[in-house]
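Atoms within a ligand are numbered from 1 in the order they appear, just like the ligands themselves.
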Amino acid sequence: MKLMIGSDHGGFELKEEVKKYLESLGHEVVDVGTYTPDSCDYPDIAKAGCEKITSGECERGILICGTGIGISMAANKIRGIRAACCSDTYSARYTRLHNDANVLCFGGRVVGGGLACELVDAYLSVEFEGGRHQRRVDKIMALEAENK
Ligand code: RB5
């Protein structure tokens, strides 16, 4: 799978670890930064990363900040993005199955490397179920369209 990954400084170390893990699984990873531990602003990374999803270049993405919250909030402001901030594997799996989340977020100051890789596995190992969930996702997207 071609995947986007990005983080601010709060998620930088974890991004590097998760990126290596994804590459070891054979995924093609597009890293939108940040590329150093220096302070930067997570909305800028969310914008750069989500562009890779909305343009169709990458199928899904992973965004990391200190908590995972700020970067997911920023990502969810971008048309077409459904970002989910998860720190348990059940949510990471079901946000794909039921919400058709195209971006998974978590916090570099919240989860360790082992759990982060398990979150990614849970998220990437399933597909959107559609059916009744499609109707609900359509309603989410209608809210976005109504609130331009
Ligand atoms: C940066 O210090 C921190 O605020 C950011 O990484 C993130 O946790 C915001 O939600």
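Nearest protein heavy-atom neighbour of atom 2 (O) of ligand 1: Arg109 NH1, 3.3 Å. The protein non-hydrogen atom at the shortest distance from atom 9 (C) of ligand 1 is Tyr42 CE2, 3.4 Å. Among protein heavy atoms, the minimum distance from atom 1 (C) of ligand 1 is reached at His9 NE2, 3.6 Å. Here the heavy atom of the protein found nearest to atom 5 (C) of ligand 1 is Asp8 OD2, 3.3 Å.
Cluster partners of Tyr35 are absent, since no Ile, Leu, Val, Met, Phe, Trp or Tyr has side-chain heavy atoms less than 4.5 Å from it.
Salt bridge annotation for Glu59-Lys2: absent, with no cationic side-chain nitrogen under 4.0 angstrom from a carboxylate oxygen.
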Assess the residue pair Asn99 and Thr95 against the criterion (side-chain hydrogen bond (donor to acceptor under 3.5 Å, both in side chains)); give the C-alpha distance rounded to whole Å, side-chain angles, the decisive distance to 0.1 Å, and a yes or no.
CA-CA 5 Å; Asn99 314 129; Thr95 199; 2.9 Å; yes
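Every atom of ligand 1 with a heavy atom of Gly66 under 4.0 Å away is listed here by number and element: 5 (C), 6 (O), 7 (C), 8 (O). Against a heavy-atom cut-off of under 4.0 Å, Cys65 is close to the following atoms of ligand 1: 6 (O), 7 (C), 8 (O), 9 (C), 10 (O).
Between the side chains of Asp121 and Tyr21, a donor-acceptor pair is found at a separation under 3.5 Å.
The nearest non-hydrogen atom to atom 10 (O) of ligand 1, considering only Gly70, Gly68, Gly107, Ala74, comes from Gly70.
At least one N/O-N/O distance between Thr67 and ligand 1 falls below 3.5 Å.
With Lys52 as the partner, the side-chain contact (heavy atoms from CB on, under 4.5 Å) test is satisfied by one option alone out of Val32, Ile5, Val103, Leu3: Val32.
Both tests hold for Arg60 against Tyr123: distance to the six-membered ring centre under 6.0 Å, angle to the ring axis within 45°.
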